[in-house]
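Report on the structure given below.
Within every chain, numbering begins at 1; the chains are lettered A, B, ... in the order of the sequence lines, protein sequences first and strands thereafter.
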There are 2 protein chains.
Amino acid sequence: MKASDKAYAELRRDIVSWALPPGTVLGEVEQAERLGVSRTPLREALSRLTADGLAVAHRGRGVLVSDVSLDHVDDLFALRRALESEAARGAALAGRPGPFRELAERFDAASEALEPTSDRNDYYQLAGELDQAIDESAANPYLRQALTGLRVHLARLRRLSHDDPQRLRASAREHAQLARAIASGDPGLAAAATVLHLHNSLDHIRSHALPKEATA
Amino acid sequence: MKASDKAYAELRRDIVSWALPPGTVLGEVEQAERLGVSRTPLREALSRLTADGLAVAHRGRGVLVSDVSLDHVDDLFALRRALESEAARGAALAGRPGPFRELAERFDAASEALEPTSDRNDYYQLAGELDQAIDESAANPYLRQALTGLRVHLARLRRLSHDDPQRLRASAREHAQLARAIASGDPGLAAAATVLHLHNSLDHIRSHALPKEATA
DNA sequence: GCCACGTTTTATGTATACAAAAAGCTTGAG
DNA sequence: CTCAAGCTTTTTGTATACATAAAACGTGGC
């Protein structure tokens, strides 16, 4: 693996996981030493992070890890609604119901199995599988790229809201319905299920927000 | 201006204007000499171009100017419809009818003034002003960034289709209607006007396509 | 005591030298 | 004549040295 790829992957992981919280200064020499690479590949990594919107250049002061706060959540979800509705439409039109029927059943199982003690990461992974299946069926590289860029921001946003098992169960039911809508081949229904799910999701985030902790 | 910014701006301009047609190999040393900068800033420029989708890395063979063909036009317009509908909705909800009423009148004038001899660039600039006004009123930085990235590809696509004055006049009328829909403050109407315009635009591109010339 | 200016320090921006990997070509054998 | 293996050439990837600009700090004047 190239050193620049390694630096990019590691920095990105640290940013998404909040190991490098918003506002952190990413000095070139400092990070180059930490990651064991030279400044040249690290610069390229920072360039890519900036293009992703995970970092912002701050003239004379290096690049900072970009801010994430609930102030942006409405804008983020407006874009998400536009993109994911389109993707769901495309997936429904693709006419490949098999994988979605299967995913719907797995979401059904998840909605009943979810306990307060269970690991939410399992659920996030299942949701990720549905996203991936939609992307593949929609088969639109431009849309896919836009969604990929968006999902990075959404992953960072998770840290800002409590997620209780009750909401996760409801979310699983909504996902199951979305999967079935796609399997049915009805693009309008698939888009509607998407819009509904995103509305509920945003609603939950707003009403269960953590006290402000990121102000960089 | 930084050398890397200069290299990026120049390369991007050349790619969009087809001075560097799809498939062109962008060798680092070659382009660095042509643009009068060193390899380091040029590399950064190529990195950004790749992130924009204007170039694709080709392992061992340098980066190539990315392909543009009518094969992608459907995907591109699907994304465009999703994004611009959302932007039009946002602009309508912003409740700032003034600029859009003015733009509508300018489009009215343009639809009558357009002669076979007139410069189409004037019209494209006017359309660009509407896009900008929509972006500003929608006031969603994430959406705006996605649209900016998309419009680069659309600008390159223009070269693939004849545009006759008749279609330009019709397009002007559609733009005028869109502007009025936004001015009226009705988000559903604004989205509908957008969808209709994009449908007609795509329809025209497909039926007036130039013979295949880009296959890289 | 406070403000402004200059110096110092530390950061990024650039260039170049070197290393490594990959593609294409040549050459040899089958 | 064809295929493959090895070499050559060209390309990218990395490191480091140097230039430059900005920011922080100290110092001097007011």
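Not counting sequence neighbours, the partners of Leu76(B) by the side-chain contact (heavy atoms from CB on, under 4.5 Å) test are Tyr142(A), Leu150(B), His153(B), Leu154(B), Leu157(B). Qualifying ring pair (Phe, Tyr, Trp, His ring centres under 6.0 Å) partners for His208(B), counting only residues two or more places apart in sequence or in other chains: His204(B).
For the pair Arg34(B) and Asp14(B), the tightest heavy-atom approach, listed with the atom from each and the gap, is NH2-OD2, 3.1 Å.
Aromatic ring orientation, Phe107(B) versus Tyr123(B): perpendicular (interplanar angle above 60°, classes split at 30° and 60°).
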* Which letters describe nucleotides 8-20 of chain C, given B = protein heavy atom under 4.0 Å from base, S = only from sugar-phosphate, - = neither? -> ----BBBBBB---
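Put simply, the side chain of Lys2(B) never gets that close to the backbone of Pro41(B): no donor and acceptor are under 3.5 Å apart.
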